[in-house]
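Lettering of chains follows the sequences in order, A, B, ..., and the numbering in each one begins at 1. The structure presented is a predicted model; accordingly, all values stated were derived computationally and were not measured.
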Amino acid sequence: MPELAEVAYACRQWNPGIGKFVKEVYTNPNSRVFRDLSREQVMSELSGAKLTSSATHGKQMLFKFSGNRWLGLHLGMTGSLHIENSSYKHCKQDALILLQSKQTLIFRDPRQFGRLRLHTGKEAPSWWSELPLSMLDSEFQSEILDDAMKRHSKRPVKALLLDQRYFQGMGNWMADEVLWRAHIHPAQRCAGISSAVRKKLFTQIKFVANGAMNSVGKHGGDPPKGWLFHVRWKNGGFCPKTNVPLIREEIGGRTSCWSPGLQKL
DNA sequence: ATACCTGTTTCCCG
DNA sequence: CCGGGAAACAGGTA
């Protein structure tokens with residue numbers, strides 16, 4: 001379930017492995033997550049290396065190993081990280097396994113939309129250091145939203161929110177949550193949004209990003225009670241604010257859920 | 001059997 | 001060159 005806060009939580013699953021050496025590496029020869037690199041290189045570079053730190057930025061993860069090795073990891077649609085004891089036997093969906101003396105670190109991804117990257121160097125790779133500002137950063141301010149909306153004036157606002165160039169870590173459920181709170185219809189074109197409504201939108205982007213980190217990001221469970229999240233997954237849900245039946249429809253290429261009346265075109 | 005899916009990249013169009 | 005949208009990727013689940 002990998003959006004901003006779920007990625008942060010997933011990343012922490014490997015924390016018990018920090019400071020420990022990797023004895024052995026398993027790579028699944030059939031997994032597409034290796035499409036940008038060679039499995040042989042992953043095995044040779046990570047075998048014997050010590051995991052020294054981990055970090056996330058939006059949906060991206062970066063693990064640092066001794067010997068100036070770096071492993072970039074993206075969970076895609078169905079990726080997940082796990083930790084098991086050292087007698088763990090891999091299953092079909094496991095893409096990468098780092099075997100340590102006391103535990104096994106697992107990257108599992110049945111649908112294989114995730115991806116791995118390798119980098120060697122004193123500094124983190126440029127694709128990481130050049131990522132757009134995080135929504136959680138105090139420097140993430142409304143000008144970013146204003147500029148994006150100006151540039152993409154014809155796009156439905158829902159599609160803009162999902163654009164990782166501007167909103168690192170925003171995913172489908174977060175975007176629906178934000179628009180529901182800001183009372184904006186997901187199909188609304190950016191050009192049709194007033195600066196007053198834009199302000200509300202920015203406030204809710206920050207609120208949902210921070211709120212998700214403080215709930216999902218901490219314990220890995222669901223967001224707080226009352227969030228749209230709990231009722232948006234399937235047809236038949238009701239708006240937590242107005243108790244009116246919700247609408248689900250594809251907008252901007254993704255299933256969107258909104259509350260008619262509250263969010264009008 | 002069929003439809004659906006918490007993401008990203010690539011390709012095509014204007 | 002750009003912005004915008006659809007298709008493709010793949011397999012588990014309902």
Side-chain angles (χ1 to χ4, degrees), chain A residues 1-11 13 28-37 56-61 72-82 90-95 107-117 127-128 131-132 135 147-180 186-192 205 208-209 211-213 215-217 219-223 227-237 246-258:
Chain A
M1 346 204 271
E3 300 183 19
L4 179 79
E6 288 127 350
V7 171
Y9 182 78
C11 184
Q13 301 312 296
N28 184 332
N30 301 312
S31 181
R32 276 186 81 246
V33 307
F34 297 102
R35 61 194 173 281
D36 295 333
L37 39 65
T56 69
H57 186 99
K59 297 173 192 170
Q60 306 284 348
M61 297 187 206
L73 196 157
H74 192 293
L75 295 172
M77 197 87 106
T78 55
S80 54
L81 298 191
H82 305 269
H90 68 79
C91 68
K92 195 178 94 179
Q93 297 109 324
D94 293 342
F107 169 31
R108 186 174 299 150
D109 187 5
R111 230 169 135 187
Q112 304 164 52
F113 288 176
R115 60 138 71 162
L116 290 168
R117 304 156 112 155
W127 64 259
W128 170 267
L131 285 171
M135 293 188 285
D147 293 348
M149 292 187 87
K150 196 170 290 176
R151 175 179 293 264
H152 302 281
S153 59
K154 299 226 176 86
R155 289 178 89 177
V157 62
K158 169 71 182 276
L160 185 73
L161 287 181
L162 292 174
D163 194 324
Q164 302 298 301
R165 287 174 292 184
Y166 309 107
F167 311 106
Q168 282 284 302
M170 184 77 75
N172 205 22
W173 75 253
M174 287 181 75
D176 280 354
E177 191 77 47
V178 166
L179 293 171
W180 175 66
Q188 176 68 58
R189 305 280 154 173
C190 291
I205 290 171
V208 170
M213 289 301 286
S215 53
V216 180
H219 52 62
D222 287 347
W227 282 38
L228 183 69
F229 177 93
H230 302 281
V231 290
R232 67 170 294 283
W233 297 106
K234 47 190 193 313
N235 293 326
L246 296 165
I247 300 180
R248 277 163 49 88
E249 217 172 87
E250 182 170 308
I251 291 169
R254 310 296 303 280
T255 299
S256 301
C257 177
W258 71 94

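- For C:dC9 and B:dA1, the C1' atoms lie 22 Å apart once the distance is rounded to whole Å.
- Between the CE atom of A:Met149 and the C1' atom of C:dG3 there is a distance of 16 Å, given to the nearest Å.
- Here B:dG7 presents its P atom at 15 Å from CG of A:Leu160, a figure rounded to the nearest Å.
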Item to check | Stepwise salt bridge (Lys or Arg N to Asp or Glu O under 4.0 Å) test for A:Arg155 and A:Asp163 | outcome: CA-CA 11 Å; A:Arg155 289 178 89 177; A:Asp163 194 324; 3.0 Å; yes
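- Look at CD on A:Gln168: it is 9 Å from P on B:dT8, rounded to the nearest Å.
- Both tests pass for A:Arg117 against the ring of A:Trp127: distance under 6.0 Å to the centre and angle within 45° of the axis.
- Base pairing of B:dT6 is not made with any nucleotide, judged by Watson-Crick or G-U wobble geometry with both donor-acceptor distances under 3.5 Å.
- For the pair A:Arg248 and B:dC5, the criterion of a side-chain N or O lying under 4.0 Å from OP1 or OP2 is met.
- Taking 4.0 angstrom as the limit, A:Gln164 places a side-chain polar atom (N or O) nearer than this to OP1 or OP2 of B:dT8.
- Phosphate contact (OP1/OP2 of C:dG4, side-chain N/O of A:His152, threshold under 4.0 Å): present.
- For the pair A:Asp176 and A:Lys158, the salt-bridge criterion is met [side-chain N within less than 4.0 Å of a carboxylate O].
- Checking C:dC9, B:dC5, B:dG7 against every side-chain atom of A:Thr255, the shortest atom distance belongs to B:dC5.
- Under 4.0 angstrom from either OP1 or OP2 of C:dC9 there lies no side-chain N or O belonging to A:Gln112.
- Within the 4.0 angstrom heavy-atom criterion, no nucleotide atom of any strand lies near A:Pro223.
- Note on A:Arg35: nothing from the nucleic acid sits closer than 4.0 angstrom, heavy atoms only.
- Using a 4.5 Å heavy-atom cutoff, the side chains of A:His74 and A:Met61 are not in contact.
- Side-chain N/O atoms of A:Lys92 include none lying less than 4.0 angstrom from OP1 or OP2 on C:dG11.
- One interatomic measurement links the two molecules: CZ of A:Arg115 to C1' of C:dC9, which rounds to 13 Å at whole-angstrom precision.
- If you take CE of A:Met170 and P of B:dT8, they are 12 Å apart, rounded to a whole angstrom.
- The distance between atom CD of A:Glu6 and atom C1' of B:dT6, rounded to the nearest whole Å, is 6 Å.
- Rounded to a whole angstrom, the distance from the C1' atom of C:dG4 to that of B:dT6 is 23 Å.
- Ranked by how close their nearest DNA chain C nucleotide is to the 5' end, A:Gly253 and A:Phe113 are led by A:Gly253.
- The CH2 atom of A:Trp173 sits 15 Å away from the C1' atom of B:dG7 (whole-angstrom rounding).
- Considering only heavy atoms from C-beta on, A:Leu246 comes within 4.5 Å of A:Leu228 through its side chain.
- Phosphate proximity of B:dG7 to A:Arg254: present, with a side-chain N or O under 4.0 Å from OP1 or OP2.
- Counting only heavy atoms from C-beta on, A:Arg151 has its side chain closest to C:dC2 among C:dC2, C:dG12, B:dC5.
- In this structure, A:Trp127 atom CH2 and B:dT9 atom C1' are separated by 16 Å, rounded to whole Å.
- We find the OG1-CZ distance between A:Thr255 and A:Arg248 to be 5.5 Å, quoted to the nearest 0.5 Å.
- When distances run from any side-chain atom of A:Arg189 to the nucleotides B:dT6, C:dG4, C:dG5, the shortest one goes to C:dG5.
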